[in-house]
Amino acid sequence: MKRRLAIQSLLGLPGISALPMLAQQAPTDKTKPPSTEKLPPELKPAPIDEFPKLAVIRPDAVVAGETNFLSASQSETLRHLAGLLVPASGGRAGATEAGAPEFLDFLIGRSPAPRQKLYRAGLDKLEGDARHRYSKSFSSLTAAEADSLLAALHQPWSQQGPADELGRFLEAAKEDMLRATMNSREFLASGGQRRASGLGTYWHALD
Amino acid sequence: MTTDYDVLIIGSGASGGMAAHTLTKLGVSCLMLDAGPLLDFDRDKSLKAVYDLPYRGFGEPGRFPHVTQASEFDANLWADEKQNPYTYDPKDPYYWVRIRMIGGKTLRWGRASWRLSDFEFKGKDHDGQGDNWPVSLKDLSPYYDRAEPMFRVSGRKEGWPQLPDGIFLADESRDSLSVQRFLDSARKMQVPTTKQRRSTGSLASSVNLLLPDALVTGKLKIVPNAIVREISVDKDTGRANGAHFVDRLSKRDFFAPAKAVVVGASCLESTRLLLNSKSRQHPNGLANSSGVLGHYLFDQFYVKNVVTAIVPEARGGKAPRNLMGGGGYIPRFRNLADREKNFVRGYAYDFGSGGTPSAKYIPLYGEALLKELAELQNTAFSLTTMGETLPRFEHHVRINPNVKDEWGIPSLHITQRYTDNEYAMAKDSMNVAEELCKGAGFEVLSKHFEMVPPGESIHELGTCRMGANPKTSVLNGFNQTHDIRNLFVMDGSSFVSGGSQNPTLTILALSMRASEYLAEGMRKGEI
């Protein structure tokens with residue numbers, strides 16, 4: 001009974017009372033195995049020697065990842081920065097829609113210490129500069145106000161890279177945020193173009 | 001169960017694979033050991049979307065601090081750095097990039113297939129620098145002639161002394177308009193250009209081009225996951241008589257006996273093995289009576305994207321269909337006739353048309369950046385420099401007894417740094433590349449001359465070099481150790497110098513030549 005209900009549930013079929021034809025076709029000779037020849041295809045049992053291939057999905061496709069590396073203040077700053085660095089544009093998902101800040105919280109939290117320090121110090125510096133210059137949190141700044149704190153991103157690229165820590169953080173955050181966005185399911189689903197649609201040949205771990 | 005094999009081959013990449021191919025066809029029975037597993041091309045790969053990877057294509061943080069080539073898609077192909085550690089002075093980082101599986105680095109190589117010339121083999125005669133090889137282009141040409149068709153090398157003949165022609169599948173492809181403009185600019189500056197010379201086919205590896213033929217002879221057995229810890233020498237005869245190895249998975253020890261030993265474990269692994277094969281007779285490692293084993297480490301320096309330019313007519317998706325795409329190669333053109341610059345030797349370039357420039361070169365963010373990236377889609381023209389580095393005695397590897405790999409085998413400490421000669425060359429290459437692009441009417445977006453760290457080109461060479469003099473070299477001109485007649489080292493560690501050409505084709509030719517010499521020597525009873 002349970003199995004029958006499960007099949008009904010999976011297939012969206014009506015309840016048992018709506019299946020009189022099937023009931024009439026039940027075998028009368030109990031010494032023979034039940035015939036499945038006349039069952040509709042969706043109700044035929046799988047061949048006994050066939051192994052199932054079930055469709056599954058990665059967790060971040062259905063639920064949000066927990067953030068536990070950055071402080072609450074740093075997370076707020078990163079979220080606001082994400083929207084500025086990679087906004088939604090032309091119908092394509094931006095960093096916020098792609099969950100890029102939450103992904104980077106996870107990624108940087110697993111990264112070597114120098115990268116963790118770069119992010120934490122950079123986010124604290126942005127928040128400190130916002131408080132100092134505008135007497136409010138970075139996450140409350142308008143785009144124009146924030147732009148004055150992101151001046152390093154207007155500097156031409158150089159071999160030596162930015163001289164100060166904030167510049168180095170912003171350069172890294174710009175690159176990471178773009179990549180985390182463009183490699184996301186949300187970006188690709190919203191029509192964002194990416195080389196080869198983001199598909200690649202994956203090599204599994206070998207023994 | 002023990003069978004006596006004629007030759008034990010350690011390593012299955014370009015050199016080991018070619019040794020097996022050559023020796024077995026000459027009737028020599030071979031046992032091949034490789035430190036890694038066998039790849040199953042049906043079972044071990046599948047198509048995945050980048051967003052279905054655990055780290056969204058960034059790769060597991062910290063997994064490969066020195067393997068910039070590893071992506072999250074192919075991370076499982078590269079040697080694990082924690083299982084296989086090595087050390088260097090923090091002031092002089094060295095990027096040791098390894099693949100440990102049947103086929104070695106021929107599973108992932110760039111396929112560029114250039115011959116060396118007598119500007120390399122006899123470089124000292126030309127400019128007084130370094131040392132000559134004990135072989136010349138004339139000695140090696142017959143083997144290049146056979147290796148190129150085996151690896152289906154495509155290219156175009158040019159008749160240049162610094163980049164000898166070979167047996168190519170003719171590349172008669174038409175150049176895009178942007179490449180044509182670049183070629184015109186190069187012609188005006190008297191800088192030579194040619195098509196790439198590359199091994200073709202969906203796979204161009206030891207595993208499909210060398211090992212299957214060797215197995216068909218019935219003369220080859222391949223043992224995967226066999227990590228060799230020491231080559232054994234008979235105390236009475238002084239001859240190599242086999243190798244001790246450990247199974248990678250079970251860590252069980254084995255001994256493989258053989259009448260001769262060929263080492264082709266890749267440049268630094270081969271030298272590490274010889275240095276670890278110490279005994280009372282060989283206190284400084286095997287075949288090291290000269291004291292130069294481990295020394296004269298070099299590679300080729302790379303300046304990736306030394307110049308990135310924009311083809312203006314391609315902006316905004318307005319490029320006609322034949323404007324973008326394709327590329328080519330510029331061989332060495334410095335210091336060929338005379339000493340003409342503030343450095344010795346020279347460099348080459350790869351150049352390519354197409355693609356979108358990296359966002360890091362664009363000083364914008366937000367909506368403005370996204371618009372500019374869209375505007376610059378498929379507008380890029382870039383060059384990468386590959387330069388010769390000079391072998392120096394002080395650039396070396398030695399055993400670090402305090403750091404051992406997962407199987408208890410002492411690891412390497414590596415010392416190499418780039419010197420004024422390489423810096424001067426890199427800077428010159430930036431200036432020339434900029435001039436070439438401007439001459440073609442391209443907009444230069446970025447330029448720099450920052451070399452990648454030593455090792456990152458994956459062209460590590462030397463440390464077990466050839467030479468005519470046993471007091472200053474480890475091998476003779478047939479890759480045979482001066483000290484032990486039945487011990488050969490056939491990979492890139494045998495190089496005396498490297499030019500700016502990718503080394504794999506020369507490794508194949510050297511291994512084929514040395515293997516024929518070995519087979520003939522065994523037939524005559526001389527080895």
Side-chain angles (χ1 to χ4, degrees), chain A residues 57-58 60-61 83-87 89-90 92 94 98 100 103-104 106-112 115 143 147 150 152-160 170-171 173-180 182-189 193-207, chain B residues 36-41 43-63 65 71-78 101 107 224-225 248-249 303 308 355-356 358-371 373-374 377 430 445-450:
Chain A
I57 197 160
R58 290 195 53 76
D60 56 3
L84 296 166
L85 290 177
V86 191
S89 173
R92 292 171 309 190
F103 171 76
L104 288 179
F106 154 71
L107 185 80
I108 304 303
R110 301 291 170 88
S111 294
R115 195 153 185 84
D147 187 60
L150 305 179
L153 294 177
H154 294 300
Q155 297 301 311
W157 179 87
S158 73
Q159 180 173 325
Q160 295 76 22
L170 289 173
E171 192 173 76
K174 170 183 156 181
E175 200 163 330
D176 290 344
M177 204 65 79
L178 263 175
R179 193 174 179 192
M182 292 184 172
N183 284 2
S184 71
R185 186 186 303 267
E186 291 79 5
F187 183 80
L188 286 157
Q193 287 193 339
R194 195 186 178 288
R195 189 176 51 172
S197 304
L199 288 175
T201 300
Y202 178 79
W203 292 92
H204 299 275
L206 276 67
D207 284 339
Chain B
L38 175 67
L39 209 52
D40 183 323
F41 287 85
R43 184 195 62 195
D44 298 331
K45 66 181 170 64
S46 60
L47 209 56
K48 278 198 180 190
V50 68
Y51 52 73
D52 276 336
L53 302 177
Y55 299 95
R56 261 189 214 190
F58 282 76
E60 182 183 345
R63 182 175 174 186
S71 75
E72 194 169 348
F73 285 102
D74 72 1
N76 291 318
L77 298 182
W78 304 90
M101 52 182 60
L107 293 167
N225 302 310
R248 184 175 68 89
L249 300 170
V303 183
T308 298
T356 306
S358 168
K360 73 179 177 184
Y361 298 137
I362 302 169
L364 296 169
Y365 71 90
E367 185 74 26
L369 174 64
L370 296 174
K371 277 186 179 163
L373 284 172
Q377 203 165 9
M430 176 186 76
L445 188 61
S446 68
K447 59 175 185 173
H448 73 103
F449 60 98
E450 186 174 359

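Protein chains get the first letters and strands the later ones, always in sequence-line order, with residue 1 at the start of each. Every heavy atom of this structure was used, including side-chain atoms; hydrogens, water molecules and symmetry mates were not.
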At a heavy-atom separation under 4.5 Å, does B:Leu47 approach chain A through its side chain, its backbone, both, or neither? both

For B:Glu367 and A:Ser89, does a side-chain donor sit closer than 3.5 Å to a side-chain acceptor? yes

Using side-chain contact (heavy atoms from CB on, under 4.5 Å) as the criterion, list what pairs up with A:Arg110, not counting sequence neighbours. A:Phe106, B:Tyr55, B:Pro61

Turns out that what part of A:Gln155 lies under 4.5 Å from chain B's heavy atoms comes down to backbone

Quick check for you: among A:Leu84, A:Val86, A:Leu107, which has the greatest number of heavy-atom pairs under 4.5 Å with chain B? A:Leu107

Would you mind checking which part of B:Arg248 comes under 4.5 Å of any heavy atom in chain A, side chain (CB onward), backbone (N, CA, C, O), both or neither? side chain

I'd like to know whether CG of B:Asp40 has more than 12 heavy-atom contacts from other residues, nucleotides or ligands below 6.0 angstrom. yes

Tell me, please, whether B:Tyr51 has B:Arg56 positioned over its six-membered ring: NZ or CZ under 6.0 Å from the ring centre and within 45 degrees of its axis? no

Among B:Leu39, B:Asp52, B:Leu370, which has the most heavy-atom pairs under 4.5 Å with chain A? B:Asp52

Counting only non-hydrogen atoms closer than 4.5 Å, does B:Pro54 touch chain A with its backbone (N, CA, C, O), its side chain (CB onward), both, or neither? both

Do A:Lys174 and B:Tyr365 form a cation-pi contact, if we require the NZ or CZ to be under 6.0 Å from the six-membered ring centre and within 45 degrees of the ring's axis? no

Proximal component of B:Leu38, with respect to chain A [non-hydrogen, under 4.5 Å]: backbone

Within 45° cone and under 6.0 Å: A:Arg179 NZ/CZ vs B:Phe58 ring: yes

Under 4.5 Å from any heavy atom of chain A, what part of B:Glu60 do you find: side chain, backbone, both or neither? neither

Sequence neighbours left out, what passes salt bridge (charged side-chain N to carboxylate O under 4.0 Å, His left out) with A:Arg115? Give chain and number order. A:Asp176

Contact part of B:Lys371 toward chain A, heavy-atom cut-off under 4.5 Å: side chain, backbone, both or neither? neither

